[in-house]
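Read through the structure below, which is laid out as C-alpha cells, and then see the notes.
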Amino acid sequence: MINPLRGMKDFIGDSSKRYLYLVERCSKIAQNYGFDFIQTPILEETSLFKRSVGESSDIVGKEMYQFIDKGGNDVCMRPEGTAGVVRALISAKLDRVAGVKRFFYYGPMYRYERPQKGRLRQFHQFGVESFGEPSVKEDAVIILMLNEMLEALGIKHRLIINSLGCKDCMPIYRENLVKFLDSIDGLCMDCQRRKTTNPIRVLDCKNQNCKTLLKDAPKLIDCLCSSCKNDFNELKKILNDFNIDYEVDPNLVRGLDYYNKTAFEFISDEIGAQSSIAGGGRYDRLVEFLDGRATCGVGFAMGIERLMELIKLPNKDEDSYYIGALSDDALEAVLKLTILKRKNHKVATHYSVKSLKAHLKAADKAKARYFIVIGDDELRNSSYILKDLKTKEEKRVDL
Ligand code: HAM
C-alpha cells in the first residue's frame, strides 16, 4: 500500500468539508473587502524565495523543497504565498499602474520541517496581499478582516502586534542590538549565525537559555522613529475603536525577512504548541527588492490545517433539501423534483423506496433542512408536505 508522504495529508470526508467551508467563507469576506482572487504557480525559481523570505530565515536556510529541473533550472516548491504574488504583480506590470491592488489566494505550501501536530510539510494557507496603500489604516482593516474571518469560522483567538520599524530606524536599532549581543556569552549556534545574517531574528529564538540571556536586550519598540511610532499608535487606536483586544509583544519579529513596520500574529490556545493560526504584516520594500517599481505592501496568511480542527461547521445546510420516495410509483416524481430543486438548492435523495422513518434518518445524516417524501397519496393529490426540520413547520405544496 502506498501512503501519502510524511507530513502530507489527504483532504477526504470531514476534512474536505472543513477545507471547502473555510475557503468559501473567507473568499466571500475577502471579496467584500475588495480583494480579487489570484493564483500563482506552486513551482518558482529558487532565487525568488532567497531574495524575499531571506537567506537568514529557517524557511530558506533549512526547509526548502528545492531541486534542479530537467532543463537545469534551480526551482523550489513555494514555502509561502507572498513572494509569488509579488512576482505576479511585477510580471503583469501592475507595479507600474497607480492605485491600490488587493489579492487573495489559497493553496498548498511546502516546508521540509520536522512534522508534528499542526506542523506539516505540505500545508495550506489562505492569504491576502494589498499593494500601493501606505496608510496604516490598510494594516488595521486587514487585521479587522482577519478577525471577522476567524469569528465567522467560530474560532477563539488572541492577537499579538509589534512594529519592526522602517529603513530609517531599524538600522540604528540593529546596531544597538548587535552591540548588546556582542556583550553576552552563551547564545545558541543558530543565534550566533543570526547575529551576522539578520540579528533581529535572535529575538525570536525558542531556546530557553537564549530567551533568558535576551531579557535585557534593547527593545525595537523603544527605538522607533516618529513616523513608525505614529503609525503604530494609530493602529492601536483603530483596534481599540473596534474593540479588538491585542497584546504588544516587542519580541514578535516573524520568521520571514521582508517585514517592516506592522507585524502581527493570531494565536489559538486550543491547538497545542503550534499555536500561530495566522501571521502577517507590512513589507514596503519587497516589490523593489524583486526588481519591481517601489510599491508598499501588507498582508497575512492563515494556516488552514491549524484552523480546520477549530472550525464550527453549521449543523444544518440552511436551505438544503431531502427528497425521498415511499413507493415505486413515486420514484419518477422524486427524481424530477430533485433535479428541478437542484437548480437552486443542495438536494439529497435515494433512488430506492424507503419507509418514512428511514427517510427521516437519511435526511438527518444529510444534514438537510427541508424534508419531502412522495408516495401514492401525494401522487393522487398532486401535492406533498414540505417539512422544515429545524422549525418543525409544515406546509402543503403543489407537486
Ligand atoms: P507564516 O507565519 O510563515 O507567514 O505562515 C502563516 C501561517 O501558516 C502560520 O501562522 C501557520 O498557521 C501556517 N503554517 C506555517 N508553517 C506551517 C506548517 N509547517 N504546517 C502547518 N501550518 C503552517 C507567511 O507565510 C507569510 N507569507 C504571511 C504573509 C502574507 N505576510 C504578509 N502577507
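Computation of the quantities below employed the complete heavy-atom set of this structure, encompassing side-chain atoms and omitting hydrogens, waters and symmetry-equivalent molecules. Counting convention: from 1, in listed order, for ligands and their atoms alike.
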Self-check item: Candidates R102, K101, K261, R282 - the one meeting salt bridge (Lys or Arg N to Asp or Glu O under 4.0 Å) with E138
Solution: R102

Self-check item: Residue list, side chain to side chain donor-acceptor pair (under 3.5 Å) with Q125, at least two apart or on another chain
Solution: none

Quiz prompt | Which residues share a side chain to side chain donor-acceptor pair (under 3.5 Å) with E247, sequence neighbours left out | solution = R158

Enumerate the pairs of nitrogen or oxygen atoms, one from ligand 1 and one from the protein, separated by less than 3.5 angstrom; state names and distance to 0.1 Å.
residue, atom, partner, partner atom, Å
ligand 1, 2 (O), R254, NH1, 3.0
ligand 1, 2 (O), R254, NH2, 3.0
ligand 1, 3 (O), R111, NH1, 3.1
ligand 1, 3 (O), R111, NH2, 2.9
ligand 1, 4 (O), R254, NH2, 3.0
ligand 1, 5 (O), Q125, NE2, 3.1
ligand 1, 8 (O), Q125, NE2, 3.2
ligand 1, 10 (O), S276, O, 3.3
ligand 1, 10 (O), S276, OG, 2.9
ligand 1, 10 (O), A278, N, 3.4
ligand 1, 12 (O), S276, O, 2.8
ligand 1, 12 (O), I277, O, 3.4
ligand 1, 12 (O), G303, N, 3.3
ligand 1, 16 (N), R111, NH1, 3.4
ligand 1, 19 (N), E113, OE2, 2.7
ligand 1, 19 (N), L120, O, 2.9
ligand 1, 20 (N), L120, N, 3.0
ligand 1, 25 (O), R111, NH2, 3.2
ligand 1, 25 (O), Q125, NE2, 3.0
ligand 1, 27 (N), E80, OE1, 2.5
ligand 1, 27 (N), T82, OG1, 2.8
ligand 1, 27 (N), Y258, OH, 3.0
ligand 1, 31 (N), Y259, OH, 2.6
ligand 1, 33 (N), T82, OG1, 3.2
ligand 1, 33 (N), E129, OE1, 2.8
ligand 1, 33 (N), E129, OE2, 3.1
ligand 1, 33 (N), F300, N, 3.3

Quiz item: Yes or no on ring pair (Phe, Tyr, Trp, His ring centres under 6.0 Å) for Y246 and F264, after CA distance, side-chain angles and deciding distance?
Solution: CA-CA 10 Å; Y246 60 83; F264 60 88; over 10 Å; no

Exercise. Please list, chain by chain and in numerical order, all residues satisfying side-chain contact (heavy atoms from CB on, under 4.5 Å) with L177, sequence neighbours excluded.
Key: Y173, L181, P199, I200, L203, A217, P218

Exercise. Tell me whether the centres of the aromatic rings in F104 and F37 are closer together than 6.0 Å.
Key: yes

